[in-house]
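Source: prediction; values computed, not measured. Just so it is clear: chains get the letters A, B, ... in the order the sequence lines come, proteins before strands, and each one is counted from 1. Heavy-atom basis, side chains included; hydrogens, waters and symmetry copies ignored.
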Amino acid sequence: MRAYIEDIAGHDGQQVTIQGWLHNRRSSGKIHFLILRDGSGFIQAVMSKAAVGDEAFARAGHLSQETALSVTGTVRADARARGGYEIDVVALEVHAESHDYPITPKEHGVDYLLDRRHLWIRSERQVAILRIRHEIIDAVRDFFNGRGFVLCDTPIFTPAACEGTSTLFPVPYFDDATAYLTQSGQLYNEANAMALGRVYAFGPTFRAEKSKTRRHLTEFWMVEPEMAYADLHDVIDLAEGLIGAVVARVLDRRRKELAVLERDVTRLERVTPPFPRITYDEAAALLQEKGLPFQYGTDLGGTDETVLSEHFDRPVCVTHYPASVKAFYMKPDPGQPDKALCVDILAPEGYGEIVGGGQRLDDLDLLLQRITEHGLPQEAFEWYLDLRRYGSVPHGGFGMGIERCVAWICGLEHVRETIPYPRMLYRMYP
RNA sequence: UCCUCAGUAGCUCAAUGGCAGAGCAUCCGGCUGUUAACCGGAGGGUUGUAGGUUCGAGUCCUACCUGAGGAGCCA
């Protein structure tokens, strides 16, 4: 009977066939220990010379790392085994050999591993990370789908460097036209929300910034919800609920993977709403109190984010940034027009910004004024301005970066391990 | 674009300016409970590239290349 390693506990005492690859092998004269992996897990198969005969035993002694094989044997609970079960081998079939597999069970450098990312993802640690990534994405979808949000994706090709701030990737688009890879579905999301009420987009995002830090990729995934008839508090409540639900889901279903990563789960167990909410002014005071060379009125830098997020034991919501450091479409606070109704959520343990969003500017005249102030071409935004001409309502939303979220929940040093094939400033292979 | 660090065997790393080394991987042999198994043996080198200093350079100097971390930048 074919069985997957993740289901092995349900086959105790039965004879099963595992189809997979040889992860590692140890040998002790008349007994081989074969560590198998099949994508769903890892398990130790025990092959004794007495059980399979001299010839088959000798052959198994030469199997190399990542040989594709099927192993048939009896499942047996064993306290000595990691995972609690082993397989006593009665037969072994090799499907394809593997010679000189480059990733040995010893240490390797980052550059070496990234050049072999297509093989690196076979390792136990990388499999754990990618399964947690899957769980996070699944939890995000369930969260929105269960709250009446409609998945409504936004285009990857966009017509112009719309917001005039971040650097975009240009792409030839027939004849003499140039398209740009999206840096955010934000503007289209607002149109979608006016059509469907509550929507979310979930797709890749591209930034051509020459950023070379542990928090940056040139291609990353972002989930962006947007709600009609919503204010800043609704946006913060939603983001808080999402983060709480995602962390709870991973803690509930991916304990094993977190253990592989040696993640301190007590730090994650504390991540329950409500999260602390502070204003930009309060954050600035806190930073100055801690003696950081922070200049009031500017955006928070990487160090500032790290210090702030380490000050709290759960994600912290920072609101009301100066309007001047935020995008043109942010709605100013009626009580203090120089501040924007925006929120950034900083993950704890120094992981920095994972969410950015706020309430959108819904007044036509003020939006026109902002477009002018930012030196943006009004004609490119006519469709966006239409949203204010035909039944404008208070609305808002946010974007959450999946890779930063995965890095935080997994406790990783760098976002490059959070996506199967990271795209970075100087790396596009494999 | 700038700053810092690194580049030596397939991999991870040693080597005071004085014979190019170890562990792992590979191959051969040993071991019936191993957990990155262990023990013994063998093969494996244009020290990133190009110059320079020196009796002598992996080591010091210059330039370049490649990578890493950070800054700037990044709603």
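Between A:F33 and A:S27, the residue whose closest nucleotide on RNA chain B is further toward the 5' end is A:F33. When each of A:A50 and A:G356 is assigned the nucleotide of RNA chain B bearing its nearest heavy atom, the one mapping closer to the 5' terminus is A:A50.
Across all strands shown, B:A75 forms no Watson-Crick or G-U wobble pair with both key distances under 3.5 Å. For B:A50, the paired base is B:U62 (Watson-Crick or G-U wobble, both distances below 3.5 Å). Using Watson-Crick or G-U wobble geometry with both donor-acceptor distances under 3.5 Å, B:U34 finds no partner in any strand shown. With a cut-off of 3.5 Å on both pairing distances, the Watson-Crick or G-U wobble partner of B:A68 is B:U4. In this structure, B:C19 makes no Watson-Crick or G-U wobble pair, since no nucleotide meets both defining distances under 3.5 angstrom. Across all strands shown, B:C28 is found opposite B:G40 as a Watson-Crick or G-U wobble partner, with both distances under 3.5 Å. Pairing of B:G45, defined by two Watson-Crick or G-U wobble distances under 3.5 Å, is not identified with any nucleotide.
Within the nucleic acid shown, A:R76 comes within 4.0 Å of at least one base atom, counting heavy atoms only. Among the protein residues, A:G109 comes within range of the sugar-phosphate backbone only, with heavy atoms under 4.0 Å from sugar or phosphate atoms but none that close to a base. Across all strands shown, A:R416 has heavy atoms under 4.0 Å from sugar-phosphate atoms exclusively, and none from any base. Across all strands, A:D299 comes closer than 4.0 Å to no nucleic acid atom at all (heavy-atom distances).
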Nucleotides 21-27 of chain B: protein proximity per nucleotide (B base, S sugar-phosphate only, - neither; heavy atom, under 4.0 Å):
---SSS-
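A:Y280 and A:Y321 have tilted rings, their planes meeting at an angle from 30° to 60° on a 0 to 90° scale.
With respect to the salt-bridge test (charged N to carboxylate O, under 4.0 angstrom), the residues A:E417 and A:R117 do not qualify. Using a 4.0 Å cut-off between charged side-chain N and carboxylate O, A:E349 and A:R263 make a salt bridge. A salt bridge links A:E124 with A:R82: the closest approach of a Lys/Arg side-chain nitrogen to an acidic carboxylate oxygen falls below 4.0 angstrom. The pair A:D333-A:K339 fails the salt-bridge criterion, with no side-chain N (NZ, NE, NH1 or NH2) lying under 4.0 Å from an Asp/Glu carboxylate O. Note on A:R389 versus A:E382: salt bridge recorded, some NZ/NE/NH1/NH2 to OD/OE distance being below 4.0 Å. No salt bridge links A:E403 with A:R215; every basic N to acidic carboxylate O contact stays at or beyond 4.0 Å.
For A:Q295, the CD atom sits in a loose shell: 12 or fewer heavy atoms of surrounding residues, nucleotides or ligands are nearer than 6.0 Å.
Comparing the P positions of B:G21 and B:A9 gives an interatomic distance of 14 Å, to the nearest angstrom. Using atom P as the reference point in both B:G58 and B:U26, the two lie 31 Å apart (nearest Å). Going from the C1' atom of B:U4 to that of B:G23 covers 30 Å, rounded to whole Å. Look at the P atom in both B:G40 and B:A25: the space between them is 13 Å, to the nearest Å. B:C5 and B:A63: their P atoms are spaced 14 Å apart (whole Å). Comparing the same atom, P, in B:C19 and in B:G10 gives a spacing of 22 Å after rounding to whole Å. B:G7 and B:C64 have their C1' atoms separated by 14 Å, given to the nearest Å. B:A42 and B:C24: their P atoms are spaced 14 Å apart (whole Å).
Between the CZ atom of A:R116 and the C1' atom of B:C11 there is a distance of 9 Å, rounded to whole Å. To the nearest angstrom, C1' of B:U34 lies 10 Å from CZ of A:R80. If you take CD1 of A:I35 and P of B:G33, they are 16 Å apart, rounded to a whole angstrom. Taking atom CG on A:D54 and atom C1' on B:U32, their separation rounds to 14 Å, with Å as the unit. One can place CD1 of A:I103 at 12 Å from P of B:C11, the figure rounded to the nearest angstrom. Between the C1' atom of B:C65 and the OH atom of A:Y426 lies a distance of 13 Å, rounded to the nearest Å. Distance A:L425 CG to B:U1 P: 10 Å, rounded to the nearest Å. We find that CG of A:D111 is positioned 13 Å from P of B:G7, with the value rounded to whole Å.
Taking the centre of each ring, A:F381 and A:Y329 stay at or above the 6.0 Å mark.
Between the side chain of A:D299 and the main chain of A:V325, no donor-acceptor pair closer than 3.5 Å is present.
Judged by distance alone, the side chains of A:T72 and A:T17 do bring a donor and an acceptor atom under 3.5 Å apart.
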Detail all sub-3.5 Å separations between protein N/O atoms and N/O atoms belonging to nucleotides 70-72 of chain B.
unit_1	atom_1	unit_2	atom_2	d
B:G70	OP1	A:R214	NE	2.1
B:G70	OP1	A:R214	NH2	2.7
B:G70	OP2	A:R214	N	2.8
B:G70	N7	A:K212	O	3.3
B:G72	O6	A:K210	O	2.9
B:G72	N1	A:K210	O	2.8

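Applying the 4.0 Å criterion to OP1 and OP2 of B:U32, one finds that A:R26 has every side-chain N and O outside that range.
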Show me the side-chain donor-acceptor pairs of residues 421-428 of chain A shorter than 3.5 Å, one per line, residues at least two apart or across chains.
unit_1	atom_1	unit_2	atom_2	d
A:R423	NH1	A:P430	O	3.2
A:R423	NH2	A:P430	O	3.2
A:R427	NH1	A:D115	OD1	2.8
A:R427	NH2	A:D111	OD1	2.6

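In the interface, the side chain of A:H108 is not paired with the base of B:C11 through any donor and acceptor atom under 3.5 Å apart. Below the 3.5 angstrom threshold, one finds a donor paired with an acceptor across the side chain of A:Y329 and the base of B:A75.
Distance from the side chain of A:Y112 is smallest for B:G10 among the nucleotides B:C31, B:G10, B:A75.
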